[in-house]
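This structure is a prediction, so every number in the text was calculated from the model and none was measured. Note that ligands are numbered from 1 as they come in the structure, with each ligand's atoms numbered from 1 the same way.
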Amino acid sequence: MTLTDEITRAGEKAVAIIAEAASLDELKAAEPTIFGKKSALGSFKKSLGGLDPDERRQVGRHLNAVRDEVGEALARRREQLAAVERRRLLEAERLDLTEVPTSPRLGHAHLVSQAQERLEDVFVGMGFTVAEGPEAETDWYNFEALNIPRWHPARSMWDTLYLDLGDGDNVVLRTHTSPVQIRVMQNQGPPIYSVMPGRVYRRDTADASHMPVFHQIEGLVVDRGITFGDLAGTLDAFTAAYFGESISSRLRPSYFPFTEPSAEFDITCVICGGEGCQTCQRTGWIELGGCGMVHPNVLRNVDIDPEEYSGFAFGFGIDRLALMRHGVEDLRQMFTNDVRFLSQF
Ligand code: DAH
């Protein structure tokens, strides 16, 4: 076999070794046997020395051509294997993103806001308007105008938070939505058919049924010839519209300084339907709020003549309503804002 043939053969062998390498590592390990000093192609250089100049040039040119070919084959293979390796790596490091939602999750109104909106809807459906008032009130709006002078023992019904504003104990965080009654009467005068929802504050420690911040809705009707019968009928119509026809209301005598007579209004226990259970303490009734005929002193405080006009008012907590409706046991859960809890409603 001529040297040229040997070189060709060695070249073919090298190309075969290159083709067999299954990974970049294998290719790297094989490199010395392809191009290294001790490899076949590497050893021919020495043999060239023994040839005469013409032959040396010829064989040398052939050797270079074969080496170039092998070099190209090596580069090609390296690229191929690198591509395979890249693909394998990509595949291995691929993240499964199928659980990530493709569009952002939409939130919704808070449980208490939902209850408030529904209450407003029901009252608006009955012909009421919706009014609002400030949460920081003067003593006059929160108490005095509602027939609760400073010396009045009924002040202890509301554990009041005072604000360090104005002089003395003059500014409070409203303890109920009743001061909005005063503002509505001042701003518009009779006839009035309004509900007034909002946030109220009391110096209470949070427990399963109390929060220092909670929500009430107030109702006020002032017109000519309004009677206690209108109050009872309105509350009953509201109860049926909000809770359904199977739930009714009843009134029990009570006391509030701003109404005379005053009553507490109860509804059929929504948990047991009136049969008696733990929630209603086996009475079949749940206390919802207070109500009564607007006290003549209150009307006088806003320059409405009690001889000409009469009215009724009511007020109850919204949070407890939402709580009962969804069978939530602890009021505090409503306000810790755990999305896992909130997203259920
Ligand atoms: N404001 C009272 C409270 O927070 C509730 C109330 C009772 C409101 C009787 C009224 C009413 O309008 O007539 O305890």
Side-chain angles (χ1 to χ4, degrees), residues 116 119 123 128-135 137 139-148 152-161 172-186 190 192-204 209-223 226-236 238-239 249-267 286-299 301-302 304 306 309-321 331:
Q116 180 176 323
L119 287 166
F123 281 113
F128 284 70
T129 58
V130 180
E132 281 183 349
E135 292 174 18
E137 275 291 16
D139 186 89
W140 190 79
Y141 279 101
N142 197 77
F143 293 121
E144 295 265 345
L146 289 163
N147 201 31
I148 321 166
H152 203 291
R155 282 224 182 186
S156 60
M157 288 167 83
W158 298 275
D159 292 311
T160 310
L161 288 159
V172 304
L173 284 172
R174 66 180 181 196
T175 57
H176 48 180
T177 42
S178 301
V180 192
Q181 286 186 31
I182 304 298
R183 290 184 178 275
V184 169
M185 286 191 280
Q186 279 183 331
I192 295 166
Y193 293 81
S194 283
V195 287
M196 297 141 260
R199 202 180 286 147
V200 301
Y201 302 81
R202 288 197 197 163
R203 232 185 115 202
D204 256 331
S209 54
H210 294 88
M211 285 296 283
V213 182
F214 58 104
H215 302 80
Q216 287 188 334
I217 187 163
E218 193 82 12
L220 176 69
V221 168
V222 181
D223 206 343
I226 297 294
T227 68
F228 199 89
D230 295 317
L231 167 60
T234 302
L235 288 178
D236 216 38
F238 156 73
T239 304
S249 67
R250 72 169 185 186
L251 298 173
R252 277 181 295 117
S254 184
Y255 173 77
F256 295 99
F258 33 90
T259 42
E260 181 60 35
S262 300
E264 210 94 39
F265 77 96
D266 299 342
I267 58 163
I286 286 175
E287 187 187 313
L288 209 61
C291 61
M293 298 306 290
V294 181
H295 196 292
N297 284 350
V298 174
L299 294 176
N301 284 339
V302 288
I304 294 176
Y309 291 101
S310 58
F312 66 76
F314 58 86
F316 55 86
I318 298 176
D319 316 71
R320 234 164 63 91
L321 212 70
L331 184 58

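- Remark: ligand 1 atoms within the under-4.0 Å shell around heavy atoms of Q181 are 12 (O).
- The A313 neighbourhood of ligand 1 comprises atoms 12 (O), 13 (O), with distances under 4.0 Å to a heavy atom of that residue.
- Of the listed residues (F316, W158, F265, F214), the one carrying the non-hydrogen atom nearest atom 14 (O) of ligand 1 is W158.
- Near F258, with a cut-off below 4.0 Å to any heavy atom, the atoms of ligand 1 are 1 (N), 2 (C), 6 (C), 7 (C), 8 (C), 9 (C), 10 (C), 11 (C).
- Under the 4.0 angstrom criterion for non-hydrogen atoms, R202 is in contact with ligand 1.
- Each of the atoms 7 (C), 9 (C) of ligand 1 lies under 4.0 Å from some heavy atom of F256.
- In terms of protein heavy-atom proximity, atom 5 (C) of ligand 1 is nearest to G315 O, 4.1 Å.
- Under a 4.0 angstrom heavy-atom cut-off, G292 registers as being in contact with ligand 1.
- Inter-residue side-chain proximity for T227 and S310 is flagged as unmet; no heavy-atom pair is nearer than 4.5 Å.
- Each of the following atoms of ligand 1 lies closer than 4.0 Å to a heavy atom of E218: 8 (C), 10 (C), 12 (O).
- Contacts between M157 and ligand 1, counted as non-hydrogen atom pairs separated by less than 4.0 Å, are absent for every part of the residue.
- For F316 and F238, the gap between ring centers is short of 6.0 Å.
- Listed by number with element, the atoms of ligand 1 under 4.0 angstrom from any heavy atom of Q216 are 3 (C), 4 (O).
- Using a 4.5 Å heavy-atom threshold, the side chains of T234 and F128 count as touching.
- Looking at R199 and Q116, their side chains never come closer than 4.5 Å, going by heavy atoms from C-beta outward.
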message = Please evaluate residues F314 and F123 with respect to the criterion ring pair (Phe, Tyr, Trp, His ring centres under 6.0 Å), reporting the C-alpha separation (whole Å), side-chain torsions for both, the decisive distance (0.1 Å), and the verdict.
response = CA-CA 13 Å; F314 58 86; F123 281 113; 5.5 Å; yes
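- With hydrogens and angles disregarded, a donor-acceptor distance shorter than 3.5 Å links the side chain of R174 to the backbone of P134.
- Counting only distance, with no hydrogens or angles, the side chain of D236 and the backbone of S249 share a donor-acceptor pair below 3.5 Å.
- Interface atoms of ligand 1 facing T259, defined by a heavy-atom separation under 4.0 Å, are 13 (O).
- Below 4.0 Å from some heavy atom of S178 lie the following atoms of ligand 1, by number and element: 1 (N), 8 (C).
- Taking the centre and axis of the six-membered ring of F214, the NZ or CZ atom of R202 falls outside the cone set by 45° and 6.0 Å.
- Under the 6.0 Å cut-off for aromatic ring centres, H176 and F256 do not qualify, their centroids lying 6.0 Å or more apart.
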